[in-house]
Structure formats: C-alpha cells, structure tokens
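Down below is the structure, laid out as structure tokens.
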Amino acid sequence: MPAPGAPGNPPEHLIVGHIAKAHGTRGELFVWPLTDHPDDVFATGQQLLLGDEEGALPGDAPFVVVETARAFKRGLLVRLEGITSREESDAVARRYLLVPADAVAPADEDELFYHELLGMRVVTVAGGDIGVVREVYEAVPHDLLEVKGVDGRVRLIPFADRLVHEIDRDNARLVIDPPEGLLDL
C-alpha cells in the first residue's frame with residue numbers, strides 16, 4: 001500500500017511489508033506482510049527497497065535482498081542479506097519494505113489495489129457527494145474506507161459488494177448505495 005497520491009497518478013513504489021522488530025540474535029526480522037502474495041514478494045533472492053518508518057523512500061534508499069523467509073505466527077521471519085546480528089536487525093526495525101510498482105503484476109479486471117482507492121471521490125447512486133477516500137483499513141467482515149466529506153466530517157464506509165455500486169477507475173470515482181442512516185453516523 002503506498003502513501004496517498006493524486007487520483008490517476010499511480011505511485012512509483014508499493015509497500016509490501018513492515019519490519020515490526022528484530023527476532024533473535026542472528027539478524028532475523030519479524031515482518032508483517034502487506035501483500036496478497038507474500039510467497040512471491042519474500043522469495044529467496046527478491047530485491048526490496050528499504051523505506052523509512054513512514055513508508056517513504058529517501059533518495060538513497062538501499063535495496064535489500066531476501067535471503068530466507070518463513071511463516072511465523074501471523075507474519076514472517078525474514079533474513080536479509082548482510083544483516084547478521086541483533087544490532088543490525090534493530091537498526092532496520094519499524095521500517096517498511098517496498099517494491100517498484102511496475103514489478104507488481106497488474107490487478108485482474110475484478111480486482112483493485114488499495115492505492116487505487118486513495119483519492120477517489122465517493123458519491124451516492126442518487127448523485128450526493130460524500131467526499132474523498134483518505135485511507136483503507138483492513139477489517140472483518142469488510143475493509144473500511146475512511147472518507148473525508150465535503151462537510152469536513154470523516155466517515156468510515158464498508159467496502160462491501162452490497163454497498164459499492166460502481167468503481168470508475170478512469171474518473172477516480174466510487175459510487176455507493178448506502179443503507180438509510182449509514183452516512184449519519
């Protein structure tokens with residue numbers, strides 16, 4: 001997931017993982033994968049960019065290479081080439097891992113990347129202007145869209161099939177059919 005950008009302006013890099021903390025004394029890292037394809041992204045030999053603690057890439061952001069990765073609890077234990085001690089792994093903890101956006105396979109026609117939602121204008125089927133998507137939160141049973149309204153209010157709207165009437169990528173517009181009362185919360 002990238003930092004928000006202007007609609008129609010795809011990001012150059014996508015966040016694929018967050019290094020939560022060092023694990024052990026030999027340089028392993030506990031990583032929260034932020035991708036639907038962690039086996040591909042964290043495969044041996046994959047090159048990733050090491051972002052900062054906000055997910056941004058400084059001009060001198062280094063590439064890191066995945067040496068090994070294995071499932072652990074709800075995340076991954078990842079070893080990166082050149083990181084062999086607790087001190088070295090502590091130095092990269094709390095940072096993000098990114099890939100160039102053009103290295104990611106395009107979404108299928110019925111799929112959507114979260115970054116495509118950021119900045120989209122949300123309107124109702126009746127034509128009411130709700131606001132702009134500022135953030136996407138993973139939740140159960142549906143992800144939630146944080147929408148800042150034209151009235152300044154912030155609303156959480158479920159990203160659910162029964163509510164989403166249309167996604168217009170070309171015009172950065174999301175059409176919803178909200179049940180009565182949803183927009184009053």
Side-chain angles (χ1 to χ4, degrees), residues 1-21 30-42 48-49 51-57 71 73-76 94-185:
M1 192 159 91
N9 231 358
E12 292 181 33
H13 300 90
L14 299 177
I15 293 173
V16 293
H18 181 255
I19 302 170
K21 61 183 180 176
F30 181 76
V31 174
W32 290 112
L34 300 172
T35 172
D36 287 340
H37 306 284
D39 292 340
D40 296 334
V41 171
F42 295 99
L48 306 172
L49 285 159
D52 65 16
E53 291 184 9
E54 301 297 321
L57 285 174
K73 297 189 179 182
R74 292 186 303 155
L76 299 171
R94 295 169 303 285
R95 294 173 70 177
Y96 285 88
L97 296 165
L98 298 90
V99 296
D102 58 10
V104 175
D108 290 336
E109 191 172 312
D110 63 340
E111 291 181 322
L112 189 69
F113 288 118
Y114 282 166
H115 72 269
E116 293 179 278
L117 290 167
L118 299 175
M120 273 194 177
R121 170 102 8 229
V122 180
V123 298
T124 66
V125 291
D129 190 356
I130 307 304
V132 175
V133 177
R134 292 191 332 180
E135 187 61 77
V136 180
Y137 299 105
E138 290 187 51
V140 175
H142 303 287
D143 294 339
L144 296 172
L145 304 177
E146 179 182 289
V147 178
K148 181 165 185 181
V150 293
D151 58 1
R153 288 181 55 195
V154 175
R155 295 176 175 89
L156 292 177
I157 298 175
F159 188 60
D161 289 340
R162 70 179 187 276
L163 296 178
V164 177
H165 182 71
E166 176 187 357
I167 299 170
D168 181 355
R169 283 181 167 123
D170 295 334
N171 295 307
R173 194 172 71 116
L174 180 69
V175 181
I176 65 170
D177 189 7
E180 188 173 326
L182 176 69
L183 301 177
D184 298 328
L185 297 175

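Quick caveat, the model's predicted, so the values are computed rather than measured.
Smallest separation of non-hydrogen atoms from R95 and G51: NE-O, 2.9 Å. Taking every heavy atom of both residues into account, W32 and R74 meet most closely at CZ3-O, 3.6 Å. Contact record, D129 with V122: OD1-O, 3.6 Å, taken as the closest heavy-atom pair. Of all heavy-atom pairs between P38 and L76, the closest is CB-CD1, 4.3 Å. In plain terms, the two heavy atoms of P11 and A101 that are nearest each other are O-CB, 3.2 Å. Across Y96 and G55, no two heavy atoms sit closer than the pair CD1-N, 3.4 Å.
You'll find the side chain of L34 stays beyond 4.5 Å of the side chain of V16, heavy atoms only. Side chains of V147 and L174 form no contact here, defined as non-hydrogen atoms less than 4.5 Å apart. Using a 4.5 Å heavy-atom threshold, the side chains of F42 and V31 count as touching. At a threshold of 4.5 Å between non-hydrogen side-chain atoms, the residues Y114 and I15 do not count as touching. Considering only heavy atoms from C-beta on, T124 comes within 4.5 Å of P178 through its side chain. Looking at heavy atoms from C-beta onward, H142 lies out of side-chain contact with L163 at the 4.5 angstrom threshold.
Counted within 6.0 Å of CD on E12, heavy atoms from surrounding residues, nucleotides or ligands total 12 or fewer; the atom is thus considered open. More than 12 heavy atoms of other residues, nucleotides or ligands shown are found within 6.0 angstrom of CG on D151.
A side-chain contact (heavy atoms from CB on, under 4.5 Å) with L14 holds for exactly one of L98, T35, V104; it is V104.
Taking CG from L117 and CD from E135, the interatomic distance works out to 10.5 Å, rounded to the nearest 0.5 Å. The distance from atom CD1 of I176 to atom NE2 of H165, rounded to the nearest 0.5 Å, is 11.5 Å. How far CE of M120 is from CG of D168: 7.5 Å, rounded to the nearest 0.5 Å. Separation of atoms CG (L145) and CG (L118) is listed at 9.0 Å; rounding is to 0.5 Å. In this structure, CG on L156 lies 12.0 Å from CG on D143, to the nearest 0.5 angstrom. Note that the CG atom of L182 and the CD1 atom of I157 stand 6.0 Å from one another [nearest 0.5 Å].
Proximity of a side-chain donor or acceptor of R155 to a complementary backbone N or O of L183 within less than 3.5 Å is detected.
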Checklist entry - After noting the C-alpha distance and the side-chain angles of R134 and V154, does the key distance pass the side chain to side chain contact (heavy atoms under 4.5 Å, CB included) rule? => result CA-CA 9 Å; R134 292 191 332 180; V154 175; 3.8 Å; yes
